Asks: 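First the structure, then my questions, so here it is.
Note that this is a predicted model, so its numbers are computed, not measured.
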Amino acid sequence: QVQLVESGGGLVQAGGSLRLACAASGRTVSYYFMGWFRQAPGKEREFVAVWRSASMTYYADSVQGRFAISRDSAKNTVYLQMNSLKPEDTAVYYCASGSRPYYGSTLYRESVYEYWGQGTQVTVSS
């Protein structure tokens, strides 16, 4: 079992920045991939970004160039640096991880993630 705990959410003005963190505990292994999803009110949960390796990160088109995902393996923590935030980025952000050898666009699918955090609210005011 893997436990994921998100932190770093909050209220920020448009154009501002936030950094989310997701700490993993329990049965953690170096090859797990870790990603972020988000769910806005009245909408389905959507893929945001995933860290597969230092040279293999993927982003949704809507956040490409504004968000950056990184991982501190020693701390079993993945970060999501969010810059130039927009009101449409307002959502509950979820951290998720998986252990299967998936790559590429497969990692955009919720179904390949085995473990999920409880979520952290991000609100961007205009």
Asks: For the residue pair Y103 and F33, establish whether any side-chain heavy-atom pair is separated by less than 4.5 Å.
Replies: no

Asks: Indicate the atoms forming the closest heavy-atom contact of D89 with S84, along with that distance.
Replies: OD2-O, 4.4 Å

Asks: What verdict does the side-chain contact (heavy atoms from CB on, under 4.5 Å) test give for V48 and L80, after you've listed the backbone C-alpha separation in whole Å, the side-chain angles of each residue and the deciding distance to 0.1 Å?
Replies: CA-CA 10 Å; V48 175; L80 185 67; 4.2 Å; yes

Asks: Kindly state each residue pair satisfying salt bridge (charged side-chain N to carboxylate O under 4.0 Å, His left out) with at least one member in residues 106-125, sequence neighbours excluded.
Replies: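 Found R45-E110.
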
Asks: Just wondering, do W36 and Y94 contact through their side chains at under 4.5 Å, heavy atoms?
Replies: no

Asks: Within a strict 4.5 Å, meaning less than it, do heavy atoms of the Y32 and Y115 side chains meet?
Replies: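 Side chain of Y32 against side chain of Y115, heavy atoms only: contact under 4.5 Å found.
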
Asks: So, N83 and S17: side-chain donor and acceptor under 3.5 Å apart, yes or no?
Replies: yes

Asks: If hydrophobic clusters are built from ILVMFWY residues whose side chains come within less than 4.5 Å, do L18 and Y79 share one?
Replies: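 No.
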
Asks: Does one side chain, of Q64 or S62, offer a donor that lies under 3.5 Å from an acceptor on the other?
Replies: no

Asks: Is any side-chain heavy atom of R52 closer than 4.5 Å to a side-chain heavy atom of M34?
Replies: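 No, too far: nothing below the 4.5 Å cut-off.
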
Asks: Hydrophobic cluster membership, with links at side-chain heavy-atom distances under 4.5 Å among I/L/V/M/F/W/Y: are M56 and V50 in one?
Replies: yes

Asks: Show the nearest heavy-atom pair for residues A49 and Y59, with the distance to one decimal.
Replies: CB-CD2, 3.6 Å

Asks: For W51 and I69, work out which heavy atoms get closest and say how close.
Replies: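 For W51 versus I69, the nearest heavy atoms are N-CD1, 3.5 Å.
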
Asks: I need the minimum non-hydrogen distance between V122 and M82, along with the two atoms involved.
Replies: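 Scanning both residues completely, I find the closest heavy atoms to be CG2-CE, 3.9 Å.
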
Asks: If every non-hydrogen atom of T77 is compared with every non-hydrogen atom of A21, which pair is closest and at what distance?
Replies: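 Between these two residues, the closest heavy atoms are CG2-CB, 4.2 Å.
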
Asks: Can you measure from NZ (K43) to CD (E88) and round to the nearest 0.5 angstrom?
Replies: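 If I round to the nearest 0.5 Å, the distance is 8.5 Å.
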
Asks: Which disulfide bond (SG atoms under 2.5 Å apart) pairs, counting each pair once, include a residue from residues 45-114, with sequence neighbours left out?
Replies: C22-C95

Asks: Does the side chain of Q81 come within less than 4.5 Å of L20's, by heavy atoms?
Replies: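 Side-chain contact under 4.5 Å: no.
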
Asks: Once disulfide bond (SG atoms under 2.5 Å apart) is applied, what residue pairs with a partner in residues 36-74 remain, sequence neighbours excluded?
Replies: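 Qualifying pairs, neighbours excluded: none.
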
Asks: What are the two closest heavy atoms between L4 and A24, and how far apart are they?
Replies: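 That would be CD2-CB, 3.6 Å.
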
Asks: Between F37 and Y113, is the ring centre distance below 6.0 Å?
Replies: yes

Asks: Please determine, by modelled atom types, if R38 and Y93 share a side-chain donor-acceptor pair under 3.5 angstrom.
Replies: yes

